[in-house]
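Note sheet for the following structure.
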Amino acid sequence: MGEATVVAAYRDLYPAGQRAEHAPPEERRAILDDVATQPLLDRMLRGIAALRVTGRVTWGAPVIHAFEVRIEEDRATLHDCQDGSKAGQADDKTGKHLTRGSTGTHLIANLSKGTDGAWRISKVEQVDEPCSPAS
């Protein structure tokens, strides 16, 4: 159950980010509080604000391929060989896709378990070398 719960928390990050993008600025933190903690929380809020200023939103959803999940008490890390080819940025008014992600993006996420028992993501970093989902 522990590993599956950590992966589920990580998967929840992306749809929560999209919900926050479409919410009024004053509601975004409350949406993201369920899935992210510092320093990622403020980074996401700044990123959403910057995206919205340019009239953009994200479209689609990355395909997550989690591996090497490690849990130590109230901390966890996981690697993701993410396929972002079915996601990217779009013009908010027209819906036109402006960017598309790539396949084989190697991410490492750090998570922490809150006093409420819920896992939240505190950091996501991209590794320079690409990966393949079979890794």
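Just the heavy atoms: all of them, side chains too, but no hydrogens, waters or symmetry mates, feed the values below. Numbers here are sequence positions counted from 1.
The aromatic rings of H106 and F67 lie tilted to each other, with the angle between the two planes from 30° to 60°.
Counting all heavy atoms, side chain and backbone alike, I108 lies closest to V127 at CD1-CG2, 3.6 Å. Between L98 and A90, the closest heavy-atom pair is CD1-C, 3.8 Å. In terms of heavy-atom proximity, A87 sits nearest to G60 at CB-C, 3.9 Å. Between A16 and I31, the shortest heavy-atom contact is O-CG2, 3.6 Å. When all heavy atoms of Y14 and Q82 are compared, the closest pair comes out as OH-NE2, 3.1 Å.
Between the side chains of T58 and Q18, a donor-acceptor pair is found at a separation under 3.5 Å.
A salt bridge is absent between R70 and E72; no separation between the charged side-chain nitrogens and carboxylate oxygens falls under 4.0 Å.
Looking at T99, its side chain does come within 3.5 Å of a backbone N or O of Q89 through a donor-acceptor pair. With R43 contributing its side chain and V124 its backbone, the two residues share a donor-acceptor pair below 3.5 Å. Distance alone, capped at 3.5 Å, places no donor-acceptor pair between the R120 side chain and the S112 backbone. Between the side chain of R52 and the backbone N or O of E21, at least one donor-acceptor pair lies under 3.5 Å.
The hydrophobic cluster containing M44 does not contain L51, counting ILVMFWY residues as joined when their side-chain heavy atoms lie under 4.5 angstrom apart, directly or transitively. In terms of hydrophobic clustering, with Ile, Leu, Val, Met, Phe, Trp and Tyr side chains grouped at heavy-atom distances under 4.5 Å, L32 and V57 are assigned to different clusters. One hydrophobic cluster, built from ILVMFWY side chains closer than 4.5 Å, holds both Y10 and I71. V63 and W59 end up in different hydrophobic clusters when Ile, Leu, Val, Met, Phe, Trp and Tyr side chains are linked at under 4.5 Å. There is a path of hydrophobic side-chain contacts, each under 4.5 Å, that joins L45 to L13.
Atom CG of N110 sits about 11.5 Å away from atom OG1 of T37, to the nearest 0.5 Å. The distance from the CD atom of E125 to the CG atom of L40 is 10.5 Å, given to the nearest 0.5 Å. Here OG1 of T105 is found 10.5 Å from NE2 of H65. Values are rounded to the nearest 0.5 Å. We find the CZ-CD1 distance between R28 and I48 to be 6.0 Å, quoted to the nearest 0.5 Å. Put simply, CD1 on I64 and SG on C81 are 12.0 Å apart, with the number rounded to the nearest 0.5 Å. One distance of note links CD1 of I121 with CG of L41; it measures 11.0 Å at 0.5 Å rounding.
Enclosure of atom CD in E26 by more than 12 non-hydrogen atoms of other residues, nucleotides or ligands within 6.0 angstrom is indicated.
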